[in-house]
A.B. asks: 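Starting off with a structure, shown below.
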Amino acid sequence: MSSKSQAAQAGQALWSKMPKANAELFALTYGSLVTELVRDYEDPIEVNAQLDRIGHSIGVRCVDEFLSKADVAGMGLATQCQNLRDTAEVVSKIGFKMFLGIQAEVGGFSHDQRSFSIYLQDNPLSTFVELPPGDEQSGGDDLRKLKYSNLYCGVIRGALEQVNLKVECSIVRDTLKGDELNEIRVNLKEVLADGAGDDYKEE
C-alpha cells in the first residue's frame with residue numbers, strides 16, 4: 001500500500017462488507033476449543049502446535065476470500081505487495097480489520113527486512129480469559145506455557161503460504177502473561193515461487 005492511512009481505509013471498507021458475529025460468542029467459542037484441546041492433549045506445548053495447525057487451515061481458506069473481496073473493491077492488493085513491508089501493512093491494517101474488526105500495528109523490521117512484528121492492543125480471542133498462575137513443579141502441564149492465541153500464527157502462516165511466502169510466526173508478548181500488548185513475530189524463511197516481487201529476493 002502507498003501509505004498506512006490508505007491501508008487502514010481499505011481495511012475499514014472491507015470490514016464494513018463482512019458478515020458480523022457476536023464478539024462475546026466468538027470469544028467463548030474459541031475458549032471452548034482451547035479448553036477441549038487442553039483436555040485432549042494435556043501438554044500445553046502440543047496444544048500450541050494444534051492451535052497453529054488449525055490456524056494454518058483457516059489461513060489457507062481466508063486468503064482467497066481476502067483477495068477476491070479486495071479485487072472486487074478495486075484495491076489490487078496482489079500488485080501492490082512488492083516487498084515484505086507492503087505485505088506486513090496489508091496483513092496488519094487490512095487482514096486483521098477485515099476478519100476481526102481490529103487494526104493491528106506493524107513495526108520492528110529487521111535490518112535485512114525479512115522479519116517484522118505485528119502488535120495488537122486488543123485481542124478478541126482472549127476476552128474473558130485469565131491464565132492460572134505458573135507452577136514450576138507442574139512440568140509439561142504448566143498452562144503458563146500455553147500460547148492461548150497461537151491460532152493467529154497459523155492463520156498468518158497459512159495465508160502467506162498461499163501467496164508463495166513461507167514464514168515462521170511466534171507469539172513473543174502476551175497480555176495474558178502480563179505484557180503491555182500482544183506481539184506476533186513474523187520471519188520470512190523462503191519465497192516459494194517467482195512472482196512475489198523483486199524486493200523479496202535476496203541480494
Side-chain angles (χ1 to χ4, degrees), residues 21-64 66 84 87-88 91-92 95-96 99-102 104-108 110 114-190 192:
N22 180 278
E24 293 184 1
L25 178 61
F26 176 69
L28 291 172
T29 301
Y30 182 73
S32 296
L33 169 65
V34 176
T35 299
E36 284 300 314
L37 289 174
V38 169
R39 289 173 179 165
D40 290 345
Y41 292 96
E42 297 182 349
D43 181 3
I45 304 302
E46 181 58 30
V47 174
N48 295 340
Q50 291 298 322
L51 289 172
D52 182 84
R53 292 187 190 105
I54 294 169
H56 182 274
S57 297
I58 294 172
V60 166
R61 289 163 175 77
C62 282
V63 73
D64 287 335
F66 176 73
L84 193 64
T87 301
V91 170
S92 62
F96 273 89
F99 290 107
L100 292 172
I102 60 173
E105 297 296 329
V106 65
S110 61
R114 293 179 70 85
S115 64
F116 62 92
S117 289
I118 294 174
Y119 304 103
L120 300 172
Q121 292 287 350
D122 299 314
N123 180 5
L125 294 183
S126 63
T127 305
F128 312 121
V129 176
E130 183 177 343
L131 294 180
D135 181 357
E136 295 180 357
Q137 304 301 318
S138 59
D141 294 332
D142 183 2
L143 288 180
R144 295 290 295 179
K145 297 177 183 177
L146 176 67
K147 295 182 178 180
Y148 185 85
S149 300
N150 213 43
L151 187 86
Y152 288 142
C153 294
V155 170
I156 294 169
R157 274 200 318 113
L160 293 183
E161 188 176 286
Q162 291 300 101
V163 293
N164 301 325
L165 302 176
K166 182 178 180 180
V167 300
E168 289 182 352
C169 299
S170 60
I171 294 176
V172 295
R173 286 194 283 175
D174 188 343
T175 55
L176 290 177
K177 298 180 180 180
D179 296 312
E180 69 274 16
L181 50 66
N182 302 286
E183 178 182 352
I184 303 169
R185 192 70 186 167
V186 182
N187 297 287
L188 176 64
K189 306 304 292 183
E190 182 182 358
L192 298 176

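These numbers come from a predicted model, not from an experiment.
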A.B. asks: Got a second to check how far L131's CG is from L176's CG, nearest 0.5 Å?
C.D. replies: 5.0 Å

A.B. asks: Provide the closest heavy-atom pair for S115 versus N187 in the form atom of the first, atom of the second, distance.
C.D. replies: CB-OD1, 2.9 Å

A.B. asks: Can you give me the closest heavy-atom contact between P44 and K145, atom names plus distance?
C.D. replies: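 The pair with the smallest heavy-atom distance is CG-CB, 4.0 Å.
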
A.B. asks: How close do K189 and E168 get, counting heavy atoms only, and between which atoms?
C.D. replies: CG-CG, 3.6 Å

A.B. asks: Over all heavy atoms of both residues, which pair between E46 and Y41 is shortest? Give the atoms and the distance, please.
C.D. replies: CG-CD2, 3.4 Å

A.B. asks: I need the I171 CD1 to Y148 OH distance, nearest 0.5 Å.
C.D. replies: 11.5 Å

A.B. asks: Using a 4.5 Å cut-off on heavy atoms from C-beta on, say whether the side chain of L33 contacts that of I54.
C.D. replies: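 I54 reaches L33 side chain to side chain.
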
A.B. asks: Answer yes if the side chains of N123 and Y152 hold a donor-acceptor pair under 3.5 Å, and no otherwise.
C.D. replies: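 Indeed, the side chains of N123 and Y152 share at least one donor-acceptor pair under 3.5 Å.
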
A.B. asks: Can you confirm whether V186 sits close enough to V91 that some side-chain heavy atom of one is under 4.5 Å from a side-chain heavy atom of the other?
C.D. replies: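 A side-chain contact is absent here, since even the closest heavy-atom pair is not under 4.5 Å.
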
A.B. asks: Could you state the interatomic distance from CG (L181) to CZ (R173), rounded to the nearest 0.5 Å?
C.D. replies: 4.5 Å

A.B. asks: Does a side-chain heavy-atom distance below 4.5 Å link I118 with I156?
C.D. replies: yes

A.B. asks: Might you work through the side chain to side chain contact (heavy atoms under 4.5 Å, CB included) test for F99 and V155, ending with a clear yes or no?
C.D. replies: CA-CA 11 Å; F99 290 107; V155 170; over 6 Å; no

A.B. asks: Atom CG of L51 and atom CG of L37: how far apart are they, to the nearest 0.5 Å?
C.D. replies: 5.5 Å

A.B. asks: If we ignore hydrogens and angles and just use 3.5 Å, is the side chain of K166 paired with the main-chain N or O of L192 as donor and acceptor?
C.D. replies: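 The answer is no, because no donor-acceptor pair under 3.5 Å joins these two groups.
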
A.B. asks: Quick one: does any side-chain atom of N150 pair with a main-chain N or O of N48 as donor and acceptor, under 3.5 Å?
C.D. replies: yes

A.B. asks: I would like to know whether D174 and K147 meet salt bridge (Lys or Arg N to Asp or Glu O under 4.0 Å); could you show each step before the answer?
C.D. replies: CA-CA 8 Å; D174 188 343; K147 295 182 178 180; over 6 Å; no

A.B. asks: Within a 6.0 Å radius of atom CD on E130, are there more than 12 heavy atoms belonging to other residues, nucleotides or ligands?
C.D. replies: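 At most 12 heavy atoms, drawn from other residues, nucleotides or ligands, come within 6.0 Å of this atom.
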
A.B. asks: Work out which heavy atom in S117 is nearest to a heavy atom in E183; give both atom names and the distance.
C.D. replies: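 Looking at all heavy atoms of both residues, the shortest contact is OG-OE2, 2.6 Å.
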
A.B. asks: T127 and A27: which non-hydrogen atoms are nearest, and at how many Å?
C.D. replies: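 Looking at all heavy atoms of both residues, the closest pair is CB-CB, 3.8 Å.
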
A.B. asks: Would you say the side chain of I102 lies within less than 4.5 Å of the side chain of P124, judging by non-hydrogen atoms?
C.D. replies: yes

A.B. asks: Distance check, rounded to the nearest 0.5 Å: L146 atom CG versus K177 atom NZ?
C.D. replies: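 If I round to the nearest 0.5 Å, the distance is 6.5 Å.
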
A.B. asks: Could you grab the distance from atom CZ of F96 to atom CG of L120, nearest 0.5 Å is fine?
C.D. replies: 5.0 Å

A.B. asks: Donor-acceptor pair, distance only, cut-off 3.5 Å: does the side chain of R157 make one with the backbone of G55?
C.D. replies: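 Not at all, since once roles are kept as given, no pair shorter than 3.5 Å links the two residues.
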
A.B. asks: Set out, in order, the CA-CA distance, both residues' side-chain angles and the distance that settles side chain to side chain contact (heavy atoms under 4.5 Å, CB included) for R53 and H56, then state yes or no.
C.D. replies: CA-CA 5 Å; R53 292 187 190 105; H56 182 274; 5.5 Å; no

